[in-house]
Amino acid sequence: MAWGWRLPFLFSAVLIILAVWIRSGIEETAEFQRQKDQGDLAKVPIVETFKYNWRDVLRIIGLKLGDGFFNVFLMSFILVYATTSLGYSRDIALMALTISCATMILTIPIVGYLSDYIGRKTIYIAGLVGMLVLSIPYFIMIPQSVTMFYFMQVVLLGILWATIFSTQGTLFSELFPAKVRYTGLSVGYQIAAAIVGFGPMLWASMSAKYGAAPYVFGSLMIGGLLLSLILAH
């Protein structure tokens, strides 16, 4: 218990090596290769991104904040919320998270495949709408029983958020021209991730003040998701 939890993080070094090997064998997109052949690549991508595409960077930040806050809650803070505010044991909270994450292993590749036919934006917006509609019901239902806790975790994290995540990378990258695509996507996404990283501090404060208040927590999530929905159109 003191050090065993570190082992998976050490084993991730193998995944890094595997990822580098896979990436080295992947060809660049035709659009990027064409610009490369024409010598039309950005010399300092970060400068060009903020000079010509700063609006799209801000858009990505706004798009990511909505599902990002909910994701951090569902995948991280739920362990604290479930044990301190709802009275569940640590084992139950961990099992709920494990089941929902295992569901994502199936959901992400399936939805990613379907997005080539249905359309990434359509699926992405559908995921946002689903999370918005279930924001308050989620917080109402998870205290009812262990079964309901597991079920709502699977629906919100394992299916709806996985639906958003599986289409997000491609949808966001398409906002930028090829020569600054990686830079624009990375900067916007990581700034949003840094912002939502403060979520647990906010929720801890809310829990101390309001307790397990479904309408308080649910309304906060709805506000973020509405921002994402507005910017998605």
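Everything quoted here is computed from the prediction, not taken from an experiment. Each residue takes its place number in the sequence, starting with 1. Reckoned from all heavy atoms, side chains included, excluding hydrogens, waters and symmetry mates.
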Within-4.5 Å side-chain heavy-atom neighbours: [X] and [Y]:
| X | Y | result |
| --- | --- | --- |
| Leu97 | Met75 | yes |
| Leu185 | Val57 | no |
| Leu225 | Leu229 | no |
| Thr49 | Trp54 | no |
| Tyr150 | Ile92 | yes |
| Leu79 | Ser76 | no |
| Phe151 | Ile142 | no |
| Pro200 | Val72 | yes |

*Which one of Leu86, Ile78, Val154 satisfies the side-chain contact (heavy atoms from CB on, under 4.5 Å) criterion with Phe149?*
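Exactly one candidate clears the test, Ile78.
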ILVMFWY network linking [X] to [Y], side-chain heavy atoms under 4.5 angstrom:
| X | Y | result |
| --- | --- | --- |
| Met221 | Val129 | yes |
| Tyr182 | Leu171 | no |
| Met104 | Ile123 | no |
| Leu114 | Leu128 | no |
| Ile159 | Tyr113 | no |

_Candidate pair Tyr52 and Val180, rule side chain to side chain contact (heavy atoms under 4.5 Å, CB included), full reasoning_ = CA-CA 10 Å; Tyr52 299 108; Val180 296; over 6 Å; no
In Å, rounded to the nearest 0.5 Å, how long is the span from [atom1] of [X] to [atom2] of [Y]?
| X | Y | atom1 | atom2 | value |
| --- | --- | --- | --- | --- |
| Tyr117 | Thr122 | OH | OG1 | 16.0 Å |
| Ile46 | Ser186 | CD1 | OG | 9.0 Å |
| Ile222 | Leu227 | CD1 | CG | 14.0 Å |
| Ile136 | Ser219 | CD1 | OG | 4.5 Å |
| Leu160 | Leu132 | CG | CG | 11.0 Å |
| Arg55 | Ile60 | CZ | CD1 | 15.0 Å |

Spell out, as yes or no, whether a donor-acceptor pair under 3.5 Å connects the side chain of [X] to the backbone of [Y].
| X | Y | answer |
| --- | --- | --- |
| Thr83 | Val80 | yes |
| Ser145 | Met148 | yes |
| Ser85 | Ala82 | no |
| Ser205 | Met201 | no |
| Lys64 | Ala193 | no |
| Ser24 | Trp21 | yes |
| Ser115 | Arg120 | no |
| Trp161 | Gly158 | no |

What pair of heavy atoms forms the shortest contact from [X] to [Y], and how long is it?
| X | Y | answer |
| --- | --- | --- |
| Leu157 | Ser100 | CD2-OG, 3.4 Å |
| Leu74 | Gln153 | O-NE2, 3.3 Å |
| Ser166 | Val111 | OG-CG1, 3.2 Å |
| Tyr124 | Ala232 | CE2-CB, 4.0 Å |
| Ser135 | Gly218 | CB-O, 3.8 Å |
| Ser207 | Tyr81 | OG-CD1, 4.0 Å |

*Give the C-alpha distance, both sets of side-chain angles, the deciding distance and a yes or no for side chain to side chain contact (heavy atoms under 4.5 Å, CB included) between Phe217 and Tyr210.*
CA-CA 9 Å; Phe217 281 90; Tyr210 301 105; 5.5 Å; no
_Criterion side chain to side chain contact (heavy atoms under 4.5 Å, CB included) on Phe139 and Tyr215, from CA distance to verdict_ = CA-CA 8 Å; Phe139 288 99; Tyr215 291 95; over 6 Å; no
_Within the 6.0 Å centroid threshold, strictly below: Phe172 and Phe176_ = no
*Using the ring-ring contact (aromatic ring centres under 6.0 Å, His included) rule, take Phe73 and Trp203 through it: C-alpha gap first, then chi angles, then the decisive distance, then the call.*
CA-CA 9 Å; Phe73 187 97; Trp203 299 320; 5.2 Å; yes
*Ion pair Glu174/Arg181, N-O distance below 4.0 Å*: no
*Determine, stepwise, if the pair Ile108 / Thr163 fulfils side chain to side chain contact (heavy atoms under 4.5 Å, CB included).*
CA-CA 6 Å; Ile108 290 174; Thr163 295; over 6 Å; no
_Polar side chain donor-acceptor pair, Asn53 to Glu48, under 3.5 angstrom_ =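 Looking only at side-chain atoms, Glu48 and Asn53 do not form any donor-acceptor pair under 3.5 Å.
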